[in-house]
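For the single chain, residues carry numbers from 1 onward in sequence order. Heavy atoms only: backbone and side chains are in, while hydrogens, waters and symmetry mates are out.
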Amino acid sequence: MKYEYRNSGIEWIEKIPNHWKIDRLKDIAEINYAVLSTNTPSDYLLKYIDISNVNVKGIVSLDNIEEMEFEMAPSRARRIIKFGDIIISSVRPNLQAIAHIELNDDNLICSTGFNVVKTEDKIVLSKYLYYYLLSEYSKNYFESRAKGVGYPAVADKDFNTLKVFIPPISEQTQIIKYLDRVCEDIAKVIQIKIGNSKIEDETTNNQINVLLSYKKALIQEVITGKKQVYGLTKEKQQMQTV
């Protein structure tokens with residue numbers, strides 16, 4: 001099957017596959033759906049994820065997820081997160097501090113500096129939406145809407161109205177598998193390059209930056225349908241990464 005395209009009508013994006021839908025983020029997901037009550041018992045043990053522990057690669061360190069009692073937690077430790085949720089910083093969107101939560105723990109809490117996104121799997125798969133929010137399109141959108149000088153932030157009304165391109169679930173599944181595999185391969189190559197470099201040198205840094213740029217471009221092409229992975233054999237998908 002070869003995609004046919006139509007005009008998306010969206011800034012920064014020319015065309016998307018004709019059969020993909022477009023909807024606002026708030027219409028396909030729950031955003032900031034649960035918070036800790038101020039009446040939470042003071043001795044309630046929570047595991048807190050702060051802004052500093054998330055970057056463009058996801059959660060920086062599981063060891064740095066601090067366990068603390070509610071009464072000792074900072075006032076911003078309020079947003080409840082569950083397995084499959086996406087957390088994305090509303091501050092300094094250029095840094096793309098975003099993570100797909102793959103920890104199954106009922107006591108996970110994140111800072112109110114994050115927006116927490118929960119999807120309805122019948123419409124959008126959470127891992128697909130994670131890649132979508134990680135795309136250059138989403139980054140450019142959030143940067144253009146952010147207000148403030150030192151710590152520009154995206155207001156809820158602008159975050160909620162991000163337009164999302166929605167392939168059928170079967171295509172989302174293939175996109176996830178493809179991007180998971182490619183991103184994992186890129187991460188492995190980067191680790192090898194870091195391990196082989198005895199000192200930090202310009203050549204290694206340039207090679208890593210090229211790989212990261214390739215990853216960004218690939219995600220952008222796939223989530224806009226410019227690069228088709230659905231309906232291809234595994235061998236042909238692998239050839240597309242070369």
Side-chain angles (χ1 to χ4, degrees), residues 25-26 28-93 95-135 138-139 142 153-154 156 159-160 162 164 169 172-173 175-184 186-188 190-191 215 219 223:
L25 182 60
K26 68 177 182 179
I28 60 169
E30 293 183 75
I31 302 169
N32 302 328
Y33 62 91
V35 296
L36 282 178
S37 167
T38 54
N39 297 323
T40 299
S42 60
D43 61 351
Y44 171 74
L45 278 177
L46 59 91
K47 294 179 180 177
Y48 178 51
I49 299 178
D50 196 2
I51 293 290
S52 62
N53 199 28
V54 176
N55 63 20
V56 70
K57 298 177 183 178
I59 295 176
V60 176
S61 172
L62 297 179
D63 294 333
N64 288 338
I65 298 177
E66 190 175 357
E67 188 174 64
M68 61 185 75
E69 292 185 348
F70 177 74
E71 67 175 350
M72 301 301 294
S75 59
R76 60 184 179 275
R78 289 294 183 272
R79 289 194 167 145
I80 297 171
I81 49 179
K82 300 292 184 182
F83 180 86
D85 288 350
I86 304 159
I87 60 174
I88 176 170
S89 175
S90 60
V91 179
R92 301 176 73 182
L95 299 181
Q96 290 189 296
I98 175 172
H100 184 255
I101 302 302
E102 298 179 358
L103 302 170
N104 205 347
D105 193 312
D106 290 335
N107 295 345
L108 283 177
I109 304 296
C110 73
S111 167
T112 52
F114 289 107
N115 282 310
V116 179
V117 182
K118 183 183 186 67
T119 66
E120 169 55 65
D121 282 351
K122 292 181 180 179
I123 302 172
V124 179
L125 301 177
S126 64
K127 195 66 179 290
Y128 170 80
L129 188 57
Y130 162 74
Y131 281 123
Y132 192 91
L133 293 174
L134 195 58
S135 71
S138 296
K139 177 186 174 183
F142 293 137
V154 181
D156 289 349
F159 181 81
N160 296 348
L162 169 75
V164 181
I169 291 294
Q172 291 181 43
T173 301
I175 287 170
I176 292 166
K177 289 179 180 178
Y178 176 78
L179 289 177
D180 276 352
R181 186 178 70 249
V182 173
C183 290
E184 183 180 349
I186 290 173
K188 287 178 180 177
I190 289 174
Q191 285 303 115
K215 175 182 172 180
I219 291 173
I223 65 95

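- A donor-acceptor pair under 3.5 Å is absent between the side-chain atoms of Glu69 and the main chain of Leu45, judged by distance alone.
- For Glu120, the CD atom is densely surrounded, since the number of other residues' heavy atoms within 6.0 Å is greater than 12.
- A distance of 9.5 Å separates CD1 in Ile223 from CG in Leu133, rounded to the nearest 0.5 Å.
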**OP:** Apply the test side chain to side chain contact (heavy atoms under 4.5 Å, CB included) to residues Val91 and Ile51: give CA-CA distance (whole Å), side-chain angles for both, the deciding distance (0.1 Å), then the verdict.
**Re:** CA-CA 9 Å; Val91 179; Ile51 293 290; 5.9 Å; no
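- Although no hydrogens or angles enter the test, the distance criterion places a donor-acceptor pair under 3.5 Å between the side chain of Arg79 and the main chain of Phe114.
- Within the 3.5 Å criterion, the main-chain N or O of Ile186 finds no donor-acceptor partner in the side chain of Gln191.
- Using a cut-off of 4.0 Å between Lys/Arg side-chain N and Asp/Glu carboxylate O, Lys82 and Asp106 are scored as salt-bridged.
- With sequence neighbours left out, Asn53 forms a side-chain hydrogen bond (donor to acceptor under 3.5 Å, both in side chains) with no residue at all.
- Under the 30°/60° scheme for interplanar angles, the aromatic rings of Phe142 and Phe159 are found to lie parallel.
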Subject >> Ile88/Val116 under side chain to side chain contact (heavy atoms under 4.5 Å, CB included): CA gap, chis, key distance, verdict >> reply: CA-CA 7 Å; Ile88 176 170; Val116 179; over 6 Å; no
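- Side-chain atoms of Thr173 come within 3.5 Å of backbone N or O of Ile169 as a donor-acceptor pair.
- Under the 4.5 Å side-chain criterion, counting only non-hydrogen atoms from C-beta, Leu129 is in contact with Leu25.
- Under the rule for a salt bridge (charged side-chain N to carboxylate O under 4.0 Å, His left out), Glu67 has no partner lying at least two apart in sequence or in another chain.
- Between Thr112 and Arg78 the shortest heavy-atom distance is CG2-CB, 3.9 Å.
- Rounded to the nearest 0.5 angstrom, Met72 CE and Ser42 OG are separated by 11.0 Å.
- Partners of Asp156 according to the side-chain hydrogen bond (donor to acceptor under 3.5 Å, both in side chains) rule, which considers only residues two or more places apart in sequence or in another chain, do not exist here.
- Proximity of Ile101 to Leu108: side-chain heavy atoms (C-beta onward) are separated by under 4.5 Å at one or more points.
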Subject >> Full working for side chain to side chain contact (heavy atoms under 4.5 Å, CB included) between Lys177 and Lys127 >> reply: CA-CA 10 Å; Lys177 289 179 180 178; Lys127 195 66 179 290; over 6 Å; no
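- The two residues His100 and Gly84 make their nearest non-hydrogen contact at NE2-O, 3.7 Å.
- A side chain to side chain contact (heavy atoms under 4.5 Å, CB included) with Tyr132 is found for one member of Ile219, Leu162, Ile175 and no other, namely Leu162.
- With sequence neighbours left out, Asp121 forms a side-chain hydrogen bond (donor to acceptor under 3.5 Å, both in side chains) with Thr119.
- For the 3.5 Å distance criterion, the side chains of Tyr48 and Arg76 qualify, holding a donor opposite an acceptor.
- Going from atom CD of Glu102 over to atom CG of Leu62 covers 10.5 Å, rounded to the nearest 0.5 Å.
- Using a 4.5 Å heavy-atom cutoff, the side chains of Asp85 and Val117 are not in contact.
- Side-chain contact check for Leu179 versus Tyr128: every heavy-atom pair is 4.5 Å or farther apart.
- The minimum heavy-atom distance between Ile81 and Cys110, with the atom names listed, is CG2-SG, 3.8 Å.
- In terms of the side-chain contact (heavy atoms from CB on, under 4.5 Å) criterion, residue partners of Asn39 (sequence neighbours excluded) are, by chain and number, Ser37.
- Taking both residues in full, the closest heavy atoms of Phe70 and Thr40 are given as CD2-O, 3.6 Å, listed atom of the first, atom of the second, then distance.
- Summarising the geometry, atom CD1 belonging to Ile49 is positioned 12.0 Å from atom CD belonging to Glu66; distances are rounded to the nearest 0.5 Å.
- The shortest distance between side-chain heavy atoms of Asn107 and Tyr44 falls below 4.5 Å.
- Of all non-hydrogen atoms in Cys183 and Lys215, the two that sit nearest each other are SG-CE, 3.6 Å.
- Residues Leu46 and Ile109 meet the side-chain proximity criterion, which asks for heavy atoms closer than 4.5 Å.
- With sequence neighbours left out, Asn32 forms a side-chain hydrogen bond (donor to acceptor under 3.5 Å, both in side chains) with Asn115.
- Between Ser52 and Val60, the shortest heavy-atom distance links the atoms O-CG2, 4.3 Å.
- Between the side chain of Ser90 and the backbone N or O of Gly113 there is at least one donor-acceptor pair closer than 3.5 Å.
- Two residues are said to be in side-chain contact when any heavy atoms from C-beta on lie closer than 4.5 Å; Ile80 and Val35 fail this criterion.
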Original post:
Are Val56 and Leu95 close enough, and set up right, to give a side chain to side chain contact (heavy atoms under 4.5 Å, CB included), and what steps lead you there?
Top reply: CA-CA 7 Å; Val56 70; Leu95 299 181; over 6 Å; no
